[in-house]
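No hydrogens, no waters, no symmetry mates; every other heavy atom, side chains included, goes into these values. Here is the naming used below: chain letters follow the sequence lines, and residue numbers restart at 1 for every chain.
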Amino acid sequence: MEQEDSFAMRVWQIVAAIPEGCVTTYGEVARLAGSPRAARQVGGVLRRLPQGSTLPWHRVVNRHGGISLTGPDLQRQRQALLSEGVQVSGKGLIDMARYRWRY
DNA sequence: CACGTGACCGATT
DNA sequence: AAATCGGCCACGT
C-alpha cells in the first residue's frame, strides 16, 4: 500500500476546504500547506488526482485569476466554475477581488 | 548525479 | 499593462 507524501495530503485538505462559489490561487494553497514556494507542486498534485475525485480542484487558479489549463481542460474548469456561480470572462479571467477565498 | 519539465510566482524591465 | 527573467521544488529520464 503506497502512501502519499504529507505535502499532497495537505493540499487535498486545503483544497477540500475552499467553499463553493469561491476560488484561490496555487500560491495561496502552497503557503497554507507550509511550502510558500511550491506553487508548481500544487499544480502537480491536482493534475495527478485520481479520476472521480470529489476534490473541487477547479477552484484553484493562477495569481492573475486566470485558468492555467489549456484546450478542453480549460473549458471544463470554466464550466465547473460557471455552474457554481463564479463569473468567468470569455478569456477565462475571474474577478479575484470578488471571488477570492480568504482562509 | 545532471538535466529537462511544469495546472506557478514576484520583481524587474 | 504586458512581457521577460530568475527562482522554486518535486519528478522523470
Between P of B:dA7 and CD of A:Gln75, the distance in whole Å: 17 Å
What is the distance, rounded to the nearest whole Å, between atom CZ of A:Phe7 and atom C1' of C:dC11? 13 Å
Atom pair distance, as rounded to whole Å: NE2 in A:His64 and C1' in C:dA2: 9 Å
Using whole Å, report how far CD1 of A:Ile18 lies from P of B:dA7. 18 Å
Mind checking A:Thr25 for me? I need base, sugar-phosphate or nothing, with any heavy atom below 4.0 Å counting as a touch. sugar-phosphate
Cationic N near anionic O, under 4.0 Å, A:Glu28 to A:Arg100: yes
Going by heavy atoms in the side chains, are A:Val11 and A:Gln41 under 4.5 Å from each other? no
A:Val61/A:Met96 under side-chain contact (heavy atoms from CB on, under 4.5 Å): CA gap, chis, key distance, verdict: CA-CA 10 Å; A:Val61 297; A:Met96 292 305 276; 4.1 Å; yes
Measure from the side-chain heavy atoms of A:Asn62 and tell me the nearest of B:dA7, C:dC9, B:dC9. B:dC9
Given atom CZ of A:Arg48 and atom C1' of C:dA10, what is their separation to the nearest angstrom? 9 Å
Quick one: does A:Trp12's side chain get under 4.5 Å of A:Val45's, heavy atoms only? yes
Does the side chain of A:Ile94 come within less than 4.5 Å of A:Leu81's, by heavy atoms? yes
Between P of B:dG6 and CZ of A:Arg40, the distance in whole Å: 9 Å
Just to be sure I understand the rule, does A:Gly27 reach a base, reach only the sugar-phosphate, or reach nothing, if contact means heavy atoms closer than 4.0 Å? sugar-phosphate
Consider the side chain of A:Arg31, meaning its heavy atoms from C-beta on, and name the nucleotide among B:dG10, B:dA7, C:dC9 that approaches it most closely. B:dG10
Does A:Arg37 make a side-chain donor-acceptor contact with the base of C:dC8, cut-off 3.5 Å? no
Counting side-chain heavy atoms from C-beta on, which of C:dA10, B:dA7, B:dC8 comes nearest to A:Arg47? B:dA7
Looking only at B:dA7, B:dC8, B:dG6, the nucleotide nearest the A:Trp57 side chain is B:dA7
Just how far, in rounded Å, is C1' of C:dA2 from NZ of A:Lys91? 13 Å
For the pair made of CG in A:Leu46 and P in C:dA10, what is the distance, rounded to whole Å? 16 Å
